[in-house]
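No hydrogens, no waters, no symmetry mates; every other heavy atom, side chains included, goes into these values.
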Amino acid sequence: MKKGKNVFDSKTWEKKLQEFWVNEKIFAFDFKSHKKIFSIDTPPPTVSGWMHVGHALSYTHKDLIARYKRMAGFNVLYPWGFDDNGLPTQKYVENKIGKKASDYDRDEFIEKCLKETRDIEEKLMRIWISTGISPDFDIQYRTIDERARRISQKSFIDLVDMKRAYRTTAPILWCPECRTAVAQVELEDKEKGTFFYDVTFELEKGRKQFTISTTRPEFLPACVAVFYHPDDKRYKSFKHERAVVPLFDLTVPVLEDKRVDMEKGSGIVMCCTFGDSMDIEWWKAYSLAYRDLLTEDGKMSHLAKRYAGKTIKEAREMIVKDLKKEKKITGERKIKHTVNVHERCGHDIEFVIKKQWFIKYLDLKDKFLELGNKVKWYPKYMKNRYVNWIKGLQWDWCISRQIPYGIPFPVWYCKRCDHIILANQKQLPIDPLKDNPPIQECPKCHYTEFIPEKDIINTWATSSLTPDIVRDIISKKNKGLSRKLIPFSLRPQAHDIIPFWAFNTIVKSWFHHKKIPWNDIMISGWGLDPKGKKMSKSKGNGIPPKEVIEKFSADALRFWAASVRSGEDVWFSEKEFIAAQKLITKMWNAFSFLKLHLKGNIKKPKKLEEFDKYMLLKTDKLVADCTKAFDEYDYGKVKLDAENFFWHVFCDNFLEILKSRLYGKDAAARDSARYVLYTCFLKVLKIFAPILSHITEAIYQEYFKSIEKKKSIHISDWPKANKIKDKTLEKKGDKFLEILTKVRQEKAKKNKSVKTEIRLTLPKEDKKLLKEMLEDLKSVTQAKEIKEGKLSINLL
RNA sequence: GGGCCUGUGGUCUAGUGGUUAUGACGCCACCCUUACAAGGUGGAGGUCGCUGGUUCAAUCCCAGCCAGGCCCACCA
């Protein structure tokens with residue numbers, strides 16, 4: 001073989017193999033197999049823009065497991081899906097076409113959304129495939145497709161029947177920018193600078209003045225009460241009085257409540273509908289009046305009188321100015337405080353009262369905690385996030401959203417009495433704006449006109465049904481099989497959506513099946529950009545996978561993904577990609593060496609050389625370790641162990657030691673070497689297959705396939721670790737390597753080539769121990785002879 | 001305020017209640033050795049965040065503290 005560069009051509013090979021996998025349906029779920037099923041509740045990526053390597057990271061984690069399980073003998077159900085309905089997708093479309101939903105009529109806009117999502121999904125699909133993932137693309141869904149709409153609407157109707165879904169007027173979190181209700185989980189914290197104003201109020205009787213500190217003076221027109229702490233001596237005398245709100249001439253009750261913080265501001269606080277969640281608590285507790293201050297787009301209502309129609313910001317500025325004019329502001333301090341903003345648009349969240357659909361579940365907190373305990377969490381501590389979230393829940397789940405693009409509620413209301421009319425289950429999916437209700441007249445008041453629901457069902461209420469959607473696909477081909485899929489084997493997902501997706505899926509699974517949705521949950525971290533910030537579509541700091549794949553390779557991307565411990569975030573750094581490329585080159589070169597020596601039949605020889613037995617033993621140890629690690633979803637350990645073993649044990653030592661026999665004349669000794677070379681390399685290759693999926697497949701296709709007969713390494717059998725009975729074997733081999741290291745040290749110290757010949761003297765017991773390995777030791781150390789005595793290495 | 005995670009050579013990282021603490025990148029010296037110079041061999045470099053405790057023995061277990069990150073709550 002000629003000296004020179006021998007690099008694995010990732011570009012050509014990866015593309016070729018990816019096509020091969022898809023065309024040959026290597027990863028197809030087998031509907032007829034009797035093998036045990038391993039089912040994965042794959043996260044359908046949200047269609048809201050281009051993906052980045054952070055996405056590829058967590059999808060590769062799932063893929064590592066899928067590929068391992070397939071080789072480990074499971075019939076792997078690894079579906080694919082897109083989450084392409086609701087606000088995130090609508091926002092993407094609005095940005096793409098440069099127009100708002102309100103610029104179109106509803107149907108036209110929905111058409112636009114459907115077209116745009118189809119377009120980008122097709123392109124995204126190609127990128128996903130280029131990362132080397134291995135789902136069965138014939139088992140695929142979209143959360144906007146007919147199946148998902150049917151299942152989501154059915155879930156909703158079932159929940160109404162169970163008295164779990166209910167419609168009510170209640171304070172909800174409202175985004176004035178998106179003009180829709182949002183859920184608690186969609187909030188983000190943002191620190192903002194603002195002013196703390198000391199506003200002068202007075203008591204109705206006696207005109208006694210007092211100060212209330214507030215950050216939101218624009219809420220004065222919605223003030224419904226003021227509160228002080230019952231132990232606060234300063235305000236004891238205010239009991240049963242009424243206060244006058246400045247500028248607006250409202251009078252409101254003065255009330256005592258121990259939730260007031262005496263230390264904050266002046267110790268007396270106004271309650272408005274609704275400045276914050278505390279206001280809601282008081283409003284409920286004391287059945288206070290409701291003053292509807294904000295319109296849907298976040299402007300002041302008629303209650304604000306001459307400030308009506310102004311935005312919150314404008315109204316605040318004007319009211320402050322006017323208060324100052326009347327000398328009603330006695331102090332103002334600049335402060336920083338955290339406010340809730342909508343994670344999708346960053347706009348401040350307000351509270352308003354509206355009719356919305358809710359799912360009642362606060363009474364089931366204990367149940368959900370119990371279900372969380374039944375699921376096995378990897379890593380374990382991630383369960384805390386689930387527990388923490390449930391403990392902090394204080395709202396029922398608001399599932400209605402006031403946007404056009406999504407799954408409609410299958411509901412009409414009687415125009416006269418507001419009676420709820422549900423669609424017939426057999427009709428589903430339906431759109432109440434287009435379809436007629438299943439009855440002619442209202443069963444309650446016999447009126448014959450109905451109002452269709454315009455709201456849509458929030459995305460999470462649909463995506464929490466992914467196991468049901470996949471089961472539905474399966475049941476179309478094999479009804480019995482789908483029943484075996486409760487629960488699924490594994491839910492893989494990232495940690496940021498534990499309160500959304502993991503939790504909601506458990507909730508729905510309990511309501512509909514009274515079971516946990518999956519046995520295991522594996523949590524992935526985020527990809528962080530080189531500065532340590534989370535890569536995100538909206539921040540635009542995501543690195544596109546294409547960049548990495550073109551510069552390095554898909555295998556390098558997978559290697560990077562496998563270098564993280566489950567659940568931990570990982571910084572993007574090129575170091576790991578460079579290391580991966582080096583490993584790939586090393587593997588390809590080792591393969592060239594193998595090809596030279598493994599021509600012709602490979603048979604297990606009658607007698608194995610002693611060192612070769614040791615090689616098998618060490619390789620099997622690696623197999624055992626990696627199998628255990630993979631079974632615990634610890635791909636990071638597999639990657640680490642396999643890399644170390646392959647490079648430093650297999651290549652640096654084993655291959656060097658085998659060389660003399662491979663090039664030598666003794667046929668029996670050579671056959672023994674050839675056999676272990678073949679066996680060990682194939683085992684190592686298989687261990688790497690889930691991680692470096694392309695190069696291992698390329699090597700398999702080029703050489704091993706013709707002998708092993710499986711179509712692809714990815715459906716070949718996972719290696720087995722044989723038990724070796726000989727207890728001294730490991731000791732012998734370890735001693736061998738220890739002596740080899742000493743010889744190398746000696747040569748390096750003297751600045752000599754490793755080819756330098758030596759005279760080796762070994763202590764009696766070592767020489768005896770290595771009795772059967774002396775020939776190998778001689779050749780690898782270039783020893784002319786091995787004598788007995790005090791350990792010494794003489795360079796010749 | 002509550003909870004969780006992390007802290008190991010310059011950088012990234014493995015790991016264990018018990019000899020000299022793993023590997024990579026970088027650094028230094030040497031070596032063209034018939035798979036590979038994108039290689040090989042060897043080397044320098046660490047009080048394993050700090051302070052106590054448990055123990056014959058702690059980087060590892062416990063407590064407190066410090067630093068970084070995350071989740072939740074509060075946010076008049």
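Spacing of C1' atoms, C4(B) relative to A14(B), comes out at 23 Å, to the nearest Å. The gap from the P atom of G9(B) to that of C71(B) amounts to 27 Å, rounded to the nearest Å. Comparing the C1' positions of U47(B) and C31(B) gives an interatomic distance of 36 Å, to the nearest angstrom. Nucleotides C48(B) and U16(B) are separated by 12 Å at their C1' atoms, to the nearest Å. Going from the P atom of C70(B) to that of G53(B) covers 35 Å, rounded to whole Å. Between the C1' atoms of U13(B) and G23(B), the separation comes to 8 Å (whole Å). Atom C1' of G46(B) sits at a distance of 15 Å from the matching atom of G15(B), rounded to the whole Å. Taking atom C1' on both U54(B) and G7(B), the two are 23 Å apart, rounded to the nearest angstrom.
Atoms CD1 (I657(A)) and P (G40(B)) sit 15 Å apart, rounded to a whole Å. Rounded to a whole Å, the CG atom of N589(A) is 14 Å from the P atom of U34(B). Atom P of nucleotide U34(B) and atom NZ of K659(A) are separated by 8 Å, given to the nearest angstrom. If you measure from atom NZ of K586(A) to atom P of C25(B), you get 11 Å, rounded to the nearest angstrom. A straight line from CD of E576(A) to P of C12(B) spans 13 Å, rounded to a whole angstrom.
In the interface, the side chain of K575(A) is not paired with the base of C12(B) through any donor and acceptor atom under 3.5 Å apart.
Residue W571(A) is out of contact with every strand shown, counting any heavy-atom pair closer than 4.0 Å. Among the protein residues, T756(A) comes within range of no part of the nucleic acid, since none of its heavy atoms lies under 4.0 Å from any strand.
Nucleotide A67(B) has U6(B) as its partner under the Watson-Crick or G-U criteria, with both atom distances under 3.5 Å.
OP1 or OP2 of U41(B) has not a single side-chain nitrogen or oxygen of Q745(A) nearer than 4.0 Å. H648(A) has a side-chain polar atom (N or O) that falls below the 4.0 Å cut-off from OP1 or OP2 of A24(B). Side-chain nitrogen and oxygen atoms of Q394(A) include at least one within less than 4.0 Å of the OP1 or OP2 phosphate oxygen of C74(B). Neither OP1 nor OP2 of C4(B) sits under 4.0 Å from any side-chain N or O of K383(A).
Minimum atom distance to the side chain of V754(A) is reached by U33(B), of the listed U33(B), C30(B), C71(B).
Ion pairing of K11(A) with E550(A) is absent here, as no side-chain N (NZ or NE/NH1/NH2) approaches a carboxylate O to less than 4.0 Å. Between E350(A) and R216(A) a salt bridge is recorded (basic side-chain N to carboxylate O distance below 4.0 Å).
In this pair, F201(A) and F210(A) present their aromatic rings tilted. The plane angle is within the 30 to 60° band.
At most 12 non-hydrogen atoms from other residues, nucleotides or ligands lie less than 6.0 angstrom from NZ of K258(A).
Cation-pi geometry between K683(A) and F650(A) is not met: the NZ or CZ atom fails to fall both under 6.0 Å from the ring centre and inside 45° of the normal.
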